[in-house]
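Heads up: the structure comes next, in C-alpha cells.
Quick note: numbers below take in every heavy atom, side chains included, and nothing from hydrogens, waters or symmetry partners.
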Number of protein chains: 2
Amino acid sequence: MDRFLSSAVNRIDAKGRVSVPAHFRAVVQKRGYSELYALRCLDRPAMDVGGLDLLDRYEQRIAQEDPFLRTADDMSFFCHGDGTFLKLDQDGRITMSDFIREHTGISAEVAFVGRGNFFQIWEPGRLSTYGAEARARLLQLRQGTKPGERPE
Amino acid sequence: MDRFLSSAVNRIDAKGRVSVPAHFRAVVQKRGYSELYALRCLDRPAMDVGGLDLLDRYEQRIAQEDPFLRTADDMSFFCHGDGTFLKLDQDGRITMSDFIREHTGISAEVAFVGRGNFFQIWEPGRLSTYGAEARARLLQLRQGTKPGERPE
DNA sequence: AATGTCCAAATGGGATATCATGGGGCACTA
DNA sequence: TAGTGCCCCATGATATCCCATTTGGACATT
C-alpha cells in the first residue's frame, strides 16, 4: 500500500524526538521522498506532512496568480513561511521543533493521522476534540440542517 | 533543498550582529549567491533578502508599468535606491544597520521567514500580526470557493 | 485458552557534530 | 581616539549518529 492510512500516537522522548509510525515510513520510502515537507494547517492546530510534491502543488497554484497581487504573496507567505522540512533520522524519528509545538500544542505525545497522499500531526487531545466536532457536523448535515451552515 | 523555507527568530548581539539560520545559508551557497541584497518591502515593515536575481523580479514588475507614468519612476527609485548589500561574515552573521532597523522596527530579535526564492526579515511581533492577517485572508478565499464544502 | 518464543517497532541514552551566540583583538577611518 | 567592520576563537545548546533496552503483537506450542 502506498497511501498514508490509519492513525497512531507515539511518545516524545527527552530530546524532543518521536518515532514516525513504521507504516508511514514505509510509504515515505516507497514514494521516494527524501525529505518531508510539513505545513501548518490554515485553520487547525495540526501540521500536514508530505513529500515535496505537496509543496510543488502549492507553488504551481501560486504561479497561476498575478505575482504582484496580494493573494499570491499571502499564499507564498503561507506555504513557504508556515512550512518547514522534517528530517527522518536513522531510526525513523523526527524532532518536534518549537515551530511545530507552537502551532499544534504538542508537548508530550504526537498523534499521526493518515490522509492518503499525506499525513497529519496532532496533539492527541485536540485531535479527538476536532474529530468529535467533525462527526457532529456530518451528522447535522444528514439530519437536514442547511448544508454549509456551521453548527454551534 | 534549494528553496528558502520555514521561519526562525534569532537574537541580535551587543555588536548588532545576528546569525542567518544555517539552512538559509546553505541555500545561499547552493544558489551561488556571492552577495545578498536586501530591499525594503513597499507595503510592509520587512526586508526582502536574496541574490541579485531578486532585482529581476522587481524590474519585471517595473516593465509592466507605463514608462511615462510616475509609478515606473518611483518603482525604479525604490528598488535601485532603497536597497542595501548584506555581507555574511565568517560565522554566517549579518549586521543589522539602522537602514534596516528603521524600516522594520527591529531592535533585539530578528525573525527570518523563507519565501521560496528569497527570504524576509521581520521584527518578530510585527511578523506574527501580519501572519495572522494573511492567514485570515486566505481562509476567506477558501470559504469563498464553495460554501459548506469540506475544506481541504 | 493459556503460555512461551520471536520479531519488529518504539523508546532511551551516551557520544559527537553542528549551530547560535558572546566576546577579544586588530586594522582602518572619521 | 573612539567607532566600525572584520577575523578568530570559546562556550553552551541543540541536533544527529549509533547502539542498547523495552514494548507489544503475531505465532506456535502445550
Side-chain angles (χ1 to χ4, degrees), chain A residues 1 4-30 33-38 47 49 83-102 106-114 119 121-124, chain B residues 1 4-30 33-38 49 84-102 106-114 119-124 127:
Chain A
M1 177 49 68
F4 297 102
L5 294 175
S6 88
S7 67
V9 175
N10 286 343
R11 193 178 320 150
I12 298 178
D13 71 12
K15 296 181 179 179
R17 301 170 299 183
V18 63
S19 293
V20 173
H23 174 247
F24 286 8
R25 298 203 304 262
V27 176
V28 164
Q29 194 178 7
K30 184 165 286 181
Y33 295 154
S34 54
E35 239 170 341
L36 289 176
Y37 169 68
M47 309 285 300
V49 185
T84 187
F85 290 121
L86 294 181
K87 227 178 319 168
L88 277 169
D89 71 16
Q90 334 190 122
D91 298 322
R93 289 183 277 198
I94 53 179
T95 54
M96 292 292 108
S97 60
D98 289 344
F99 182 81
I100 295 176
R101 292 174 192 260
E102 273 172 27
I106 286 171
S107 62
E109 290 189 322
V110 181
F112 293 84
V113 183
F119 63 91
I121 285 177
W122 287 78
E123 192 284 315
Chain B
M1 178 43 58
F4 295 102
L5 202 73
S6 100
S7 66
V9 356
N10 287 343
R11 193 175 319 149
I12 299 178
D13 70 13
K15 295 182 178 181
R17 302 170 300 181
V18 64
S19 293
V20 174
H23 174 248
F24 286 10
R25 299 203 302 262
V27 176
V28 165
Q29 193 177 8
K30 186 165 286 179
Y33 295 154
S34 52
E35 252 171 333
L36 287 177
Y37 196 64
V49 184
T84 182
F85 287 104
L86 294 180
K87 254 170 301 177
L88 278 169
D89 71 16
Q90 310 191 147
D91 298 322
R93 290 183 276 199
I94 54 179
T95 301
M96 291 292 107
S97 61
D98 288 343
F99 179 80
I100 295 177
R101 292 174 192 261
E102 271 173 27
I106 285 171
S107 62
E109 290 189 321
V110 181
F112 294 83
V113 183
F119 64 91
Q120 288 182 326
I121 285 176
W122 287 79
E123 191 284 315
L127 171 64

Quick one: does [X]'s side chain get under 4.5 Å of [Y]'s, heavy atoms only?
| X | Y | result |
| --- | --- | --- |
| B/S6 | A/F85 | no |
| A/W122 | A/E109 | no |
| B/L88 | B/I94 | yes |

(request) Look at A/K87 and D/dA15 and indicate whether a side-chain polar atom (N or O) is within less than 4.0 Å of OP1 or OP2. (result)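 No, outside the criterion.
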(message) If the condition is side chain to side chain donor-acceptor pair (under 3.5 Å), which residues does B/D91 pass it with, not counting sequence neighbours?
(response)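 B/D91 satisfies side chain to side chain donor-acceptor pair (under 3.5 Å) with B/R93 only.
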Provide, to the nearest angstrom, the distance between the [atom1] atom belonging to [X] and the [atom2] atom belonging to [N].
| X | N | atom1 | atom2 | result |
| --- | --- | --- | --- | --- |
| A/I94 | D/dT16 | CD1 | C1' | 15 Å |
| A/D89 | D/dT14 | CG | P | 18 Å |
| A/Q90 | C/dA10 | CD | C1' | 16 Å |
| A/F112 | C/dA9 | CZ | P | 15 Å |

In residues 16-27 of chain B, what donor-acceptor pairs under 3.5 Å come from side-chain atoms, sequence neighbours left out?
unit_1, atom_1, unit_2, atom_2, d
B/R17, NE, B/D13, OD2, 2.7
B/R17, NH2, B/D13, OD2, 2.8
B/R25, NH1, B/V20, O, 2.7

(message) If you count heavy atoms of other groups shown closer than 6.0 angstrom to CD of A/E35, is the number above 12?
(response)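 Yes, CD of A/E35 has more than 12 neighbouring heavy atoms, counting only those of other groups under 6.0 Å.
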(request) Encode nucleotides 11-30 of chain C as B, S and - characters from 5' to 3', where the letter depends on protein heavy atoms closer than 4.0 Å: B to the base, S only to sugar-phosphate, - to neither. (result) BBBBB---SSBBBBB-----
